[in-house]
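The structure displayed is predicted, hence computed values, not measured ones.
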Amino acid sequence: MKQKTKILLENTFLMREGEQSTEMYILLSGKLSVLKRKGNAEKRIGEIGPGEIVGEMSFLDQAPRSASVRALEISEILIIPRSQFLTTLDSFPNWYKSIYNTILDRLRKTTSKIKV
């Protein structure tokens with residue numbers, strides 16, 4: 001299966017906090033900013049660089065996106081669709097899925113405690 005990529009122009013949002021997810025991404029080039037809403041404003045809480053995964057939490061647990069992500073410069077991303085991921089995950093043993101779910105749950109709980 002051919003891997004699909006996408007180019008984001010500077011200041012373009014890849015995702016918005018609260019949206020549902022059907023894809024996660026790997027940043028191939030460029031730089032992304034991670035933003036959390038506080039009232040009507042958004043505060044920068046992190047930065048994503050080449051080689052890093054983006055949007056993995058909501059992709060994995062199907063909860064709404066916990067943050068927004070915007071391109072700081074022209075950026076290229078690799079798109080990983082949920083269907084492709086689930087096909088691969090189905091080939092792993094059940095104990096692996098248990099570890100995956102435990103880590104994901106702990107990460108989601110930790111992320112929910114971030115204050116901006």
What side-chain donor-acceptor pairs closer than 3.5 Å can you find for residues 51-61, not counting sequence neighbours?
| from | atom 1 | to | atom 2 | distance (Å) |
| --- | --- | --- | --- | --- |
| Glu52 | OE2 | Gly49 | N | 2.7 |
| Ser58 | OG | Arg65 | NH1 | 2.9 |
| Asp61 | OD1 | Ala63 | N | 2.9 |
| Asp61 | OD1 | Arg108 | NH2 | 2.9 |
| Asp61 | OD2 | Arg108 | NE | 2.8 |
| Asp61 | OD2 | Arg108 | NH2 | 3.2 |

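- The side chain to side chain contact (heavy atoms under 4.5 Å, CB included) test applied to Glu73 returns Lys31, Ser75, not counting sequence neighbours.
- Of the residues Ile103, Thr102, Leu104, the one that meets the side chain to side chain contact (heavy atoms under 4.5 Å, CB included) test with Arg106 is Thr102.
- No path of Ile, Leu, Val, Met, Phe, Trp and Tyr side chains, each step under 4.5 Å between heavy atoms, connects Val34 with Leu72, placing them in separate hydrophobic clusters.
- Rounded to the nearest 0.5 angstrom, Ile99 CD1 and Phe92 CZ are separated by 11.5 Å.
- Remark: Tyr96 OH to Asn94 CG distance equals 13.0 Å, nearest 0.5 Å.
- Shown here are the side-chain hydrogen bond (donor to acceptor under 3.5 Å, both in side chains) partners of Asn101, two or more places apart in sequence or in another chain: there are none.
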Side-chain donor-acceptor pairs under 3.5 Å in residues 8-17, sequence neighbours left out?
| from | atom 1 | to | atom 2 | distance (Å) |
| --- | --- | --- | --- | --- |
| Thr12 | OG1 | Leu9 | O | 2.9 |
| Glu17 | OE1 | Arg37 | N | 2.7 |

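- If you take NZ on Lys6 and CD on Glu23, they are separated by 7.5 Å, rounding to the nearest 0.5 Å.
- Of all heavy-atom pairs spanning Leu27 and Ile48, the tightest one is CD2-O, 3.4 Å.
- For CG of Leu89, the number of neighbouring non-hydrogen atoms (other residues, nucleotides, ligands) closer than 6.0 Å is greater than 12.
- Rounded to the nearest 0.5 angstrom, Ile26 CD1 and Ile79 CD1 are separated by 11.5 Å.
- Applying the side chain to side chain contact (heavy atoms under 4.5 Å, CB included) test to Thr5 and every residue at least two apart in sequence or in another chain returns Leu28, Glu76, Leu78.
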